[in-house]
Amino acid sequence: MKHSEAGPSKALPPPPPVVPPSFVPVKVSGSNRTPMARRGFGTKGQRIPLLTNHFNVKLSSTSDHFYQYSVAFFYEDGNPVEAKGVGRKVLDMVENVYNSEMGGKGFAYDGEKTLFTVGPLPGTKLEFPVLLENLSTNRTARGGISDEVDTKRARRPPQSKSYTVKISYATKIPIQAIFNALQGQDSEQFSEAVRVLDVLLRQHAAKQECLIVRQCFFRDDPKNYIGIGGGVLGCRGFHSSFRATQAGLSLNIDASTTMIVRPGKVVDFLLENQNVRNIREIDWIKAKRTLKSLRIKSFPSNREHKIIGLSVKPCGEQTFSLKQKNGDSPSDAVEITVYNYYAKHHRIEVNQSRDYPCLDVGKPKRPVYIPLELCELLPLQRYTKALSNLQRASLVEKSRQKPRERMNALMGALKQSNYGADPVINSTGITISTTFTQVEGRVLDPPKTFVEPAKKITCWAIVNFSARCNVDGLRRDLRRCSEAKGMDLEDAYDVIEESPQFRRASATVRVDKMVENMRKALPGPPLFILCILPERKNSDIYGPWKRKCLVDLGSRTQCIAPTKINDQYLTNLLLKINAKMDGINSLLSMEHLHSIPLVSQAPTIIFGMDVSHGAPGRSDVPSIAAVVSSRNWPFISRYRASVRSQSSRVEMIDGLFKPIAPDQDEGMIRELLEDFYLSTPRLKPENVIIFRDGVSESQFNQVLNIELEQIMAACKFLDESWKPKFMVIVAQKTHHTKFFQTNSDYNVPPGTIVDNKVCHPKYNDFYLCAQNGPIGTTRPTHYHVLLDQIGFSADQLQELVHSLSYVYQRSTTAISVVAPICYAHLAAGQMAQFVKFEDMSDSASSHSGSAAAGAGAGGFNQLPKLHERTRSSMFFC
């Protein structure tokens, strides 16, 4: 063990890089806004006692520090270790063998390159050699077969590897920073200190052999498994993290579920995954993709391996070179099949695997083959591919927990975790309560609403891609239901059926042929088209059809794939049709009476902003940014959308302000502001309210200093003398705070709001359960008010947010988040589906009509321009 103090380096620093002559510095905004402090608490509503899944944490006042160290791992030859999962095993050995050299201190390792201690280690630079024996490995033995022979018989030592661990001091973080933040003081080191506490929780879970997914922990217990089909299990676990609240530091524990591969025989998994009954029916190309990178245990050696692929030939035909030993001198290698090798050297006849590929657990240029029947998938391996609709529905149904069930599960998780027995956690001086925190909520009265039907809907048609739908019955029932609901829906002009000869053609061909038939049957493009799809979910016709209607024809369209038609189905369908045809299904009485505080007194525009990302791992698919804006002030129930593509996985919207000439801005905000100006009596908004979705607390400053700065610049670019007031609110659904009624099996009532005790000790935030939750446990939306130049009181703002949950035109009741955010999410999702990015033309621009043509951010072409008859509609509803 090497042990030294850090000293000044005698080597000169490297020279600075040469700045190329073409380099243009990036203009950095001078703004440095931070989230606003809370101005007061709400008082309106009926008070209700609640419990929340936060457990109070007592922290002893201390002058101690968390010491942060960088840790690096190297192989015996000096090369750095890149394999994941080795670090914890190596550091566990360091803790056991070098306890005295570490000063007897326990530590918390973050799983990557950092570890933390309470108080300093004996030196600023430490180095330890570590030997790990019986480490799971993919080393080949005997030229291409996993070594299943007894170690004595093979005359080789137990598998082991040597490592060197280098630990070097990085910085220290005062634990006092937590106290300062809880008292409302600014503390730059608070987030770092709480991060250390969260790392302590992960370290504790790792010692209990849990699967760790950020701050969620999952145990290998069949009682936690939920079968959802396809060889995939939902694994119940729990989330655990520390939070700063008005009541002090708290431990937030919540139920969590992740997807894992069903452990057990590999063949059984493949049969279930591909929904086949016999091994002969398995698609081995698909199986290779599914199995790649999964870990297995092979028998009879009980060694663990990682799958890299499958053998090219079946087990009975796949050969490899076996190096024979004749005493102590090796003889020439002989070719032998995998099947014969196991029969001759292990006395195992792998008859079930003889005619099928072997698993390859070696390296690309050095394969190691193991027959299928001798392999089992290890437990707690995450399944990261997208779930099918059936799997998703099954997961939702089976993972629901009533409030009382969830409370019992959380108490069990806290007890099983046994944090009080962890010496490192104890050394921080924290004590965790074992009872739910009591908070006071208030139940707001629902706003009064009424319906404003669309004008008479004429000149519409039905197109039918389905061979199973009773179109005549649907047509008749739709008119009957519309009359009962007060909608003036004329009978469809015609029904255009798909020619059977094209039902096996590609989606684009089917859509083009249908449009040809429609043009022959109708006198002109219909204002509205009801499209009946052949499949209920994920129809490949949906995207091309939406694009054809919204971009080329200028017709608003609604797609359906009915399996059972009743009045409830028809009512929901009519809600969407009415909204797309400029009707309003839910109009607030107070917007009709112009009595919304502050909003009705001065022209106000409301923005909803969201970014939709592609599936995990798809870096070739751009992200879709959407902004919706209210129109027809003083109303706040009608919206229009502007959507752009941008670089993959980028959360900050970069198309809000895009000046391309001294008097030309092709950004999203100008387009929406011009629409507001034209849809109102030529008024510019004096107030701008922005609702932002999908950002974490670490990105709040970026919202204020990047996105808001772009919006302000767009306003100033439009009119130098125009200075509107701004409000910025972030809505979060992906959090882990839940509320429960005391001594009740029911969810909290709709309209329940909480702005005390579990909210931030300094910043302005509140939780709102606007929706009715008859099933499972209601998840509140967490609203963070980052900026308020308009001057809302707590009650005025909370009532506005509550009211905006009632103007979602797809529903006649409240939804869980404000409607503008839902609309932005829908608009981004729909544009992502109906556009194939590889087909975008270089002349395409923003769908809403004023974005730059050609390639957008990140090299992706922008979205196509919508037709002038559809771009200002609620096409996304």
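These numbers were taken from a predicted model, which means no experiment stands behind them. Numbering starts at 1 and runs along the sequence shown. The basis for the numbers below is simple: all heavy atoms, side chains too, and nothing from hydrogens, waters or symmetry mates.
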Which of these passes side-chain contact (heavy atoms from CB on, under 4.5 Å) with P129: Y163, F74, Y98?
Y98
Which atom pair, heavy atoms only, marks the closest approach of L132 to V90?
CD1-CG2, 3.8 Å
Is it the case that atom NE2 in H736 sees more than 12 heavy atoms from other parts of the structure closer than 6.0 Å?
yes
Does D610 use its side chain to pair, donor to acceptor, with the backbone of A626 at less than 3.5 Å?
no
Does S647 reach the main-chain N or O of V650 with its side chain, forming a donor-acceptor pair under 3.5 Å?
no
Assess whether a salt bridge exists between K207 and D422, defined as any Lys/Arg side-chain N lying under 4.0 Å from an Asp/Glu carboxylate O.
no
Indicate whether any N or O donor in one side chain lies under 3.5 Å from an N or O acceptor in the other, for Y383 and N273.
no
Exactly one candidate in H345, K344, E335 meets side-chain contact (heavy atoms from CB on, under 4.5 Å) with L322; the answer is H345
Around atom NZ of K292, are there more than 12 heavy atoms of other residues, nucleotides or ligands at under 6.0 Å?
no
Counting neighbours of CG on L131 that are heavy atoms of other residues, nucleotides or ligands and sit closer than 6.0 Å, is the number greater than 12?
yes
Using 0.5 Å steps for rounding, measure from the CG atom of L291 to the CG atom of L310.
6.0 Å
For residues C235 and Y225, report the shortest heavy-atom separation together with the two atoms involved.
SG-CE2, 3.9 Å
Answer yes when K548 and D512 have at least one side-chain N-carboxylate O distance shorter than 4.0 Å, and no when they do not.
yes
Check whether any side-chain N or O of T337 sits under 3.5 Å from a backbone N or O of T319 as a donor-acceptor pair, and report yes or no.
no
Please answer whether the main-chain N or O of Q352 pairs with a side-chain N or O of E373 as donor and acceptor at a distance below 3.5 Å.
yes
How are the rings of F465 and W545 set to each other: parallel, tilted or perpendicular (split at 30° and 60°)?
perpendicular
So F73 and T164, do their side chains get closer than 4.5 Å, heavy atoms only?
no
Do E317 and Y339 have side-chain heavy atoms sitting under 4.5 Å apart?
no
Please answer whether the main-chain N or O of K286 pairs with a side-chain N or O of T290 as donor and acceptor at a distance below 3.5 Å.
yes
Just wondering, are more than 12 heavy atoms of other shown residues or ligands nearer than 6.0 Å to CD in E82?
no
Does a sphere of radius 6.0 Å around NZ in K313 hold more than 12 heavy atoms from other residues, nucleotides or ligands, not counting ones at 6.0 Å or beyond?
no
Would Y109 and D92 count as a side chain to side chain donor-acceptor pair (under 3.5 Å) here? Give the steps.
CA-CA 10 Å; Y109 172 55; D92 284 345; over 6 Å; no
Quick one: OG on S311 to CD1 on I370, what's the gap to the nearest 0.5 Å?
11.5 Å
Got a donor-acceptor contact below 3.5 angstrom from the E405 side chain to the A409 backbone?
no
If you measure only the distance, is there a donor-acceptor pair under 3.5 Å linking the side chains of H239 and S256?
no
Shortest non-hydrogen pair, P534 vs R468, comes out as O-NH2, 3.1 Å
Other residues, nucleotides, ligands: >12 heavy atoms within 6.0 Å of N275 CG:
no
Check: K297 main-chain N/O paired with E376 side-chain donor or acceptor under 3.5 Å
no
Looking at K265, I want to see if its NZ is surrounded by more than 12 non-hydrogen atoms of other residues, nucleotides or ligands under 6.0 Å.
yes
Quick test of your reading of the model: are D254 and K738 salt-bridged, counting only N-O distances below 4.0 Å?
yes
Taking every heavy atom of W284 against every heavy atom of L270, the minimum-distance pair comes out as CZ3-CD1, 3.8 Å
Just wondering, are more than 12 heavy atoms of other shown residues or ligands nearer than 6.0 Å to NZ in K113?
no
Nearest heavy atoms of L533 and S466, plus distance in Å:
O-CB, 3.6 Å
If I compare all heavy atoms of F269 with all of G231, which pair ends up nearest, and what's the gap?
CE1-O, 3.3 Å
The reported gap from OH in Y342 to CZ in R347 (rounded to nearest 0.5 angstrom) is 15.0 Å
Can a side-chain donor-acceptor contact be found between T777 and Q401 if the only test is distance below 3.5 angstrom?
no
May I ask you to decide whether R510 forms a salt bridge with E498, counting only side-chain N to carboxylate O separations under 4.0 Å?
yes
Backbone N or O of H735 within a donor-acceptor pair of the R779 side chain at under 3.5 Å?
yes
Between L91 and L115, is any pair of side-chain heavy atoms under 4.5 Å apart?
yes
Going by distance alone, is a donor N or O of one side chain under 3.5 Å from an acceptor N or O of the other, for N351 and R354?
no
Is it the case that the side chain of E209 and the backbone of A206 share a donor-acceptor pair, with hydrogens and angles ignored and the cut-off at 3.5 Å?
no
Matching residue for S298 among R303, E304, H305 - test: side-chain hydrogen bond (donor to acceptor under 3.5 Å, both in side chains)
H305
Is it the case that the side chain of Q391 and the backbone of S388 share a donor-acceptor pair, with hydrogens and angles ignored and the cut-off at 3.5 Å?
yes
